[in-house]
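What follows is a single structure, written as structure tokens, with notes after it.
As the structure lists them, so they are numbered: ligands from 1, and atoms in each ligand from 1. These values consider heavy atoms only, across backbone and side chains, with no hydrogens, waters or symmetry-generated copies.
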Amino acid sequence: MPPSTAPEPTTSAAPRRAGTAERLRFTAEVLLPLLSTGVIKRRPRGMALAERLQLDRRSIASLRRLRERHGDGPLPMRLAGRPLLLLLDPGDVRRVLDGTPRPFSPASWEKRGALSQFQPHGSLITRGTERASRRRLNEEALEIHRPLHHLAPAVVRAVREEARLLADRGAVTGQLAWDAFAVSWWRTVRRTVLGDAARDDHRLTGELGRLREAANWSVLLPRRRALRARFLDHLRQRAEAAGPDTLAAAALAHAEEQGSDPLSQIAHWLFAFDAAGMTVLRTLALLATHPEEGGRARDEIAGTDPGGPRTLPFLRACVLDTVRLWPTTPAVLRQTTEDVEWRGRTVPARTTVLAHAPYFHRGDPYAPYADRFSPDMWLDGRARADPALIPFSGGPGVCPGENIVLLHTSTWLAAMLGEGLVYQLVSRLRPEPGRPLPATFNPFGVRFAVH
Ligand code: HEM
């Protein structure tokens, strides 16, 4: 096949290949932290250590050094006998995301090895022509372009009810931490995806959790086929019993479409909502420690009807900047489907292409937003125009769940902040204005005193 003609950025000459010492350093400072914290299911102990050592700061510094030495890149290297292309320039990120799924397929071999543990036919790991119908199911069921999904009233009802119960508990115990929040969060997720009857089906989320733990090891572990079959069967029963006001019903409406496999897509949604829950607690921590933004959030909530679906632009911007600061998909991976011409050299087919989101999101060390909480740039268009900021990816492989995530998370934050309670951050690590925000922020360690 001839090399792809996808448009090339025009800057700088062909980069050298990374040397042995650089590869070792890259493995130690960038790859090992990613693997030890758990790419598909975060490990609480790994996250605690990563936060203590601020491992993301080291990863970002490591990539900055590579850029200083090699220029814009992209930097080719071989790792474990396989070719890897490391992106160092935002223009290249845009090129790769815009060139999805050809010549840059999202179904990289590492991702297939990982996600096939629980979603054998997920759109993200589908190659070739079948991807189109699976991607379409996601876009249509999740209503990719609608800020308020048609299920928004049901989402608001579920979130308000669960947040009320959580607030009552917080008022009694005087505290809030991940474990209590996660129970309530997952109840709203199961109700949104599978209906009220699935509210307390912790077993389903537990089975998925065990498969995700196996997925952390990607190709290094064999498929857990028996557990996967049990989980998918359990999920099928739940999806078939889900009422009309659920995402599962929206997915099953596409079941007729050839090969779209709704169950794999629903499994991806359940998995991906976990990251959104972590983002809620991190955003709450930022709002608790940044009085100006905290005040603006409360003003926004006060001016709206708590019982109705709301777009809450400022809270959404706060969530977006939280995933910018602490991206929940730190490694955005693609794999070349054919030879690709890049600054005078040919990148061979089947090369893994890596965009390391924490490096791109903190930008140049002197970028005004780098280590600061900057929700306003999501309101005035600056962030959307910046190819370096990819918390929800971009191009034809952009996260189709972004709007439903922003609806769910902003409704949760509004419900918590609107209950008349005050959350005071009392964890070890405090992200404060006026000081560079931490590069690693462990959601399992976040603790609030509730007044
Ligand atoms: C904080 C929450 C979330 C963030 C930051 C996020 C971000 C992302 C990113 C960066 C990707 C691209 C991954 C890649 O290219 O390898 C992605 C893909 C995807 N996300 Fe999300 N996501 C979130 C939650 C969700 C939720 C809750 C859903 C569904 C309800 C969802 C549905 C999807 C799907 C289906 C894909 C695959 C798209 C494709 O195959 O082209 N995401 N997400």
Side-chain angles (χ1 to χ4, degrees), residues 39-40 42 87 93 96-102 104-112 114-115 119 121-127 130-144 149 151 155 185-186 188-190 192-194 218 246-248 250-251 254 260-262 264-283 316 318-335 352-358 360-361 389-410 412-413 443:
V39 180
I40 305 297
R42 296 287 185 274
L87 302 184
V93 174
V96 168
L97 296 184
D98 285 351
T100 299
R102 277 190 66 192
F104 303 110
S105 167
S108 66
W109 68 276
E110 312 84 346
K111 228 186 280 176
R112 284 168 68 90
L115 297 182
Q119 43 158 303
H121 305 127
S123 76
L124 197 55
I125 54 168
T126 302
R127 293 178 176 160
E130 280 179 317
R131 173 174 158 81
S133 64
R134 294 174 186 168
R135 170 81 200 179
R136 196 160 47 244
L137 181 151
N138 279 286
E139 291 190 359
E140 289 179 10
L142 299 173
E143 299 177 8
I144 179 171
H149 195 281
L151 295 176
V155 173
W185 170 259
W186 277 113
T188 59
V189 171
R190 285 188 298 264
T192 303
V193 179
L194 299 166
S218 184
T246 59
L247 288 179
H254 292 261
S260 62
D261 187 1
S264 275
Q265 317 316 320
I266 299 173
H268 183 101
W269 303 345
L270 288 174
F271 140 69
F273 264 116
D274 200 9
M278 295 176 192
T279 303
V280 170
L281 272 203
R282 285 170 170 150
T283 309
R316 285 181 179 226
C318 291
V319 170
L320 283 162
D321 210 46
T322 304
V323 264
R324 194 263 307 169
L325 285 160
W326 300 290
T328 54
T329 311
V332 178
L333 297 173
R334 293 288 180 269
Q335 185 169 308
T352 298
V353 182
L354 166 64
H356 185 259
F360 284 110
H361 287 187
L389 304 183
I390 52 163
F392 285 93
S393 181
V398 70
C399 173
E402 175 174 344
N403 266 316
I404 199 124
V405 167
L406 295 179
L407 168 68
H408 211 108
T409 52
S410 63
W412 251 106
L413 288 162

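Although no hydrogens or angles enter the test, the distance criterion places a donor-acceptor pair under 3.5 Å between the side chain of S218 and the main chain of E110. Side-chain atoms of S260 come within 3.5 Å of backbone N or O of H254 as a donor-acceptor pair.
Atom 1 (C) of ligand 1 has its nearest heavy-atom neighbour, among S264, P330, A276, in A276.
The shortest N/O to N/O separation between R334 and ligand 1 falls below 3.5 Å. The shortest N or O to N or O distance between T279 and ligand 1 is not under 3.5 Å.
In this structure, F392 CZ and R324 CZ are separated by 14.0 Å, a value rounded to the nearest 0.5 Å. Atom NZ of residue K111 and atom CD1 of residue I125 lie 9.5 Å apart, to the nearest 0.5 angstrom. Rounding to the nearest 0.5 Å places CZ of R112 at 4.0 Å from CZ of R127.
Atoms of ligand 1 lying under 4.0 Å from any heavy atom of G397, numbered from 1 in the order shown and given with element: 41 (O). Of all the atoms in ligand 1, the ones that sit under 4.0 Å from a non-hydrogen atom of R131 are 39 (C), 40 (O), 41 (O). Short contacts between ligand 1 and T328, defined as distances under 4.0 Å to a heavy atom of the residue, involve ligand atoms 1 (C), 4 (C), 5 (C). Per-residue contacts place L142 under 4.0 angstrom from the following atoms of ligand 1 (heavy atoms of the residue considered): 29 (C), 30 (C). Interface atoms of ligand 1 facing K111, defined by a heavy-atom separation under 4.0 Å, are 14 (C), 15 (O), 16 (O).
Using a 4.0 angstrom heavy-atom cutoff, P391 counts as in contact with ligand 1. Between M278 and ligand 1 there is no heavy-atom distance shorter than 4.0 Å. Using a non-hydrogen distance threshold of 4.0 Å, R134 does not register as a contact of ligand 1.
Of the N and O atoms on the side chains of R282 and T322, not one donor lies less than 3.5 Å from an acceptor on the other residue. Side-chain atoms of W269 and N138 include a donor-acceptor pair closer than 3.5 Å. Under 3.5 Å, the side chains of R334 and T100 contain a donor-acceptor pair of N or O atoms.
For atom 38 (C) of ligand 1, the closest heavy atom belonging to the protein is R135 NH1, 3.3 Å. For atom 35 (C) of ligand 1, the closest heavy atom belonging to the protein is N138 OD1, 3.1 Å. Distance from atom 37 (C) of ligand 1 to its nearest protein heavy atom, with residue and atom name: L124 CD1, 3.8 Å. Ranking protein heavy atoms by distance to atom 29 (C) of ligand 1, first place goes to W269 CD1, 3.4 Å. Protein heavy atom nearest atom 40 (O) of ligand 1, with residue, atom name and distance: S123 OG, 2.5 Å.
Taking the six-membered ring where the residue is Trp, W412 and W185 present tilted rings, their angle falling between 30° and 60°.
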Kindly determine whether L194 and T246 satisfy side-chain contact (heavy atoms from CB on, under 4.5 Å), including the steps that lead there.
CA-CA 6 Å; L194 299 166; T246 59; 5.9 Å; no
Assess the residue pair L389 and H361 against the criterion (side-chain contact (heavy atoms from CB on, under 4.5 Å)); give the C-alpha distance rounded to whole Å, side-chain angles, the decisive distance to 0.1 Å, and a yes or no.
CA-CA 5 Å; L389 304 183; H361 287 187; 4.2 Å; yes
Might you work through the side-chain contact (heavy atoms from CB on, under 4.5 Å) test for I144 and N403, ending with a clear yes or no?
CA-CA 6 Å; I144 179 171; N403 266 316; 5.9 Å; no
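Protein N/O/S atoms closer than 2.8 Å to atom 21 (Fe) of ligand 1, listed by chain and residue number, are C399 SG.
Annotation: salt bridge (Lys or Arg N to Asp or Glu O under 4.0 Å) contacts of E139 (sequence neighbours excluded): R135.
The residue from L137, L142, L247 that alone fulfils the side-chain contact (heavy atoms from CB on, under 4.5 Å) condition with Q265 is L137.
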